[in-house]
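Encoded as C-alpha cells, the structure appears first; notes follow it.
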Amino acid sequence: MAKEKFYRLNQILKHDAQYNIIFGERSSGKTFAVLEHGIKNYIEKSEQMAIVRRWEEDFKGKRGMVMFDSLVSAGVVSRVSNGEWTGVYYYASKWYLCRQDDDGNRIADDGPFAYGFSITAMEHDKSTSYPDIDNIIFD
C-alpha cells in the first residue's frame, strides 16, 4: 500500500476515542484534516468546533482570515456543503460559512461553525458557555 501524501483522520477516528492526539512533521496536512473534519461535522451534524491556540495573536486579523483558505481553495467547503457554501468568513474570533450572491455581496450563515480561543485569554472566557461545540482542536 502506498503511503498517503497528506495526513487523513481515517485511522485515528475509527477508534472512537474521547480524545485524539496527533503528532507529526510539519506540513503533513494534520491541521487541514482536522479543520476539514470540523466543517464536515458542522454541515452534517450542526456540531461546532473550537480552535485553541497559545496566543490570541494566532488568529487575530489576517491570521484568522486565512485559517481556512486552503480548504476553500481545495474546494472542500463547496464539496462538503453540496455547493451551498463556497467560502469562510472570519469576524471577532468566529468563523462562518459564506457564499457570494449574483451582485458579489457576501451571504454568511446565521451562526459560526467555529470559535477561536487562546490560552492567554482563557481567564476572560472561563464562565462562558458554548453548548454546541463538540470538537476542540488544540493546534
Side-chain angles (χ1 to χ4, degrees):
M1 177 190 295
K3 182 181 176 189
E4 288 193 44
K5 184 176 179 179
F6 295 108
Y7 189 85
R8 306 305 304 155
L9 297 179
N10 308 6
Q11 292 297 316
I12 200 162
L13 291 178
K14 73 180 183 183
H15 297 288
D16 197 30
Q18 185 169 1
Y19 300 102
N20 295 302
I21 299 174
I22 303 167
F23 293 101
E25 60 191 33
R26 291 184 53 80
S27 300
S28 63
K30 298 177 304 295
T31 300
F32 184 99
V34 173
L35 295 178
E36 178 182 31
H37 177 73
I39 288 176
K40 285 180 182 178
N41 279 355
Y42 177 73
I43 290 170
E44 295 170 5
K45 306 176 193 174
S46 297
E47 294 178 352
Q48 294 174 325
M49 73 172 134
I51 301 169
V52 181
R53 292 215 164 162
R54 259 183 266 178
W55 316 104
E56 195 168 356
E57 292 80 19
D58 287 343
F59 39 78
K60 269 192 171 181
K62 176 188 74 164
R63 289 184 185 109
M65 291 185 339
V66 300
M67 177 87 61
F68 289 89
D69 279 3
S70 59
L71 283 91
V72 172
S73 296
V76 170
V77 174
S78 183
R79 179 177 44 80
V80 171
S81 70
N82 294 317
E84 181 180 1
W85 305 108
T86 56
V88 173
Y89 169 63
Y90 175 76
Y91 179 73
S93 298
K94 294 178 269 194
W95 290 270
Y96 301 81
L97 295 174
C98 69
R99 65 178 175 274
Q100 289 188 340
D101 66 13
D102 294 335
D103 296 324
N105 299 313
R106 179 178 41 234
I107 299 170
D109 197 2
D110 293 333
F113 70 89
Y115 292 89
F117 299 96
S118 67
I119 293 174
T120 57
M122 289 313 290
E123 190 66 28
H124 305 290
D125 293 317
K126 69 180 181 181
S127 61
T128 309
S129 177
Y130 296 88
D132 295 326
I133 291 178
D134 289 291
N135 295 289
I136 301 170
I137 302 157
F138 178 70
D139 189 24

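All values below come from the heavy atoms of this structure, side chains included, with hydrogens, waters and symmetry mates left out.
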Hphob cluster co-occupancy, I119 + Y115, side-chain heavy atoms under 4.5 angstrom = yes
message = A quick test of your reading: do over 12 heavy atoms of other residues, nucleotides or ligands sit less than 6.0 Å from CZ of R79?
response = yes
Minimum heavy-atom distance Y42-G111, with the two atoms named = OH-O, 3.6 Å
Nearest-0.5 Å distance that lies between atom CD1 in I107 and atom CZ in R99 = 4.5 Å
ask   = What are the two closest non-hydrogen atoms of C98 and A108, and how far apart are they?
value = CB-CA, 4.0 Å
Distance (rounded to the nearest 0.5 Å) between Y96 OH and D109 CG = 9.5 Å
Distance-only criterion, 3.5 Å: show the donor-acceptor pairs between side-chain atoms of residues 43-51 and protein atoms not counting sequence neighbours.
from: E47; atom 1: OE1; to: N41; atom 2: ND2; distance (Å): 3.4
from: Q48; atom 1: NE2; to: P112; atom 2: O; distance (Å): 2.8

message = With rounding to the nearest 0.5 angstrom, report the NZ to CG distance, K62 to D69.
response = 11.0 Å
request  = For residues 67-91, pull every pair meeting ring pair (Phe, Tyr, Trp, His ring centres under 6.0 Å), keeping only residues two or more places apart or in separate chains.
outcome  = F68-W95, F68-F113, Y90-W95
Connected-component partners of Y19 among ILVMFWY, side-chain separation under 4.5 Å = none
request  = Flag yes if V52 and Y130 sit in one hydrophobic cluster, no otherwise; membership is Ile, Leu, Val, Met, Phe, Trp, Tyr, and two members link when side-chain heavy atoms are under 4.5 Å apart.
outcome  = yes
Interatomic distance, R63 atom CZ to R53 atom CZ [nearest 0.5 angstrom] = 9.5 Å
request  = For G87 and V72, work out which heavy atoms get closest and say how close.
outcome  = CA-CG2, 3.9 Å
ask   = How close do Q100 and T86 get, heavy atom to heavy atom, and via which atoms?
value = N-OG1, 4.4 Å
ask   = Does the side chain of F59 come within less than 4.5 Å of D139's, by heavy atoms?
value = no
request  = Mark yes or no for whether D103, through its side chain, and N105, through its backbone, hold a donor-acceptor pair below 3.5 Å.
outcome  = no
ask   = Passes side-chain contact (heavy atoms from CB on, under 4.5 Å), F117 versus I133? Steps please.
value = CA-CA 12 Å; F117 299 96; I133 291 178; 4.0 Å; yes
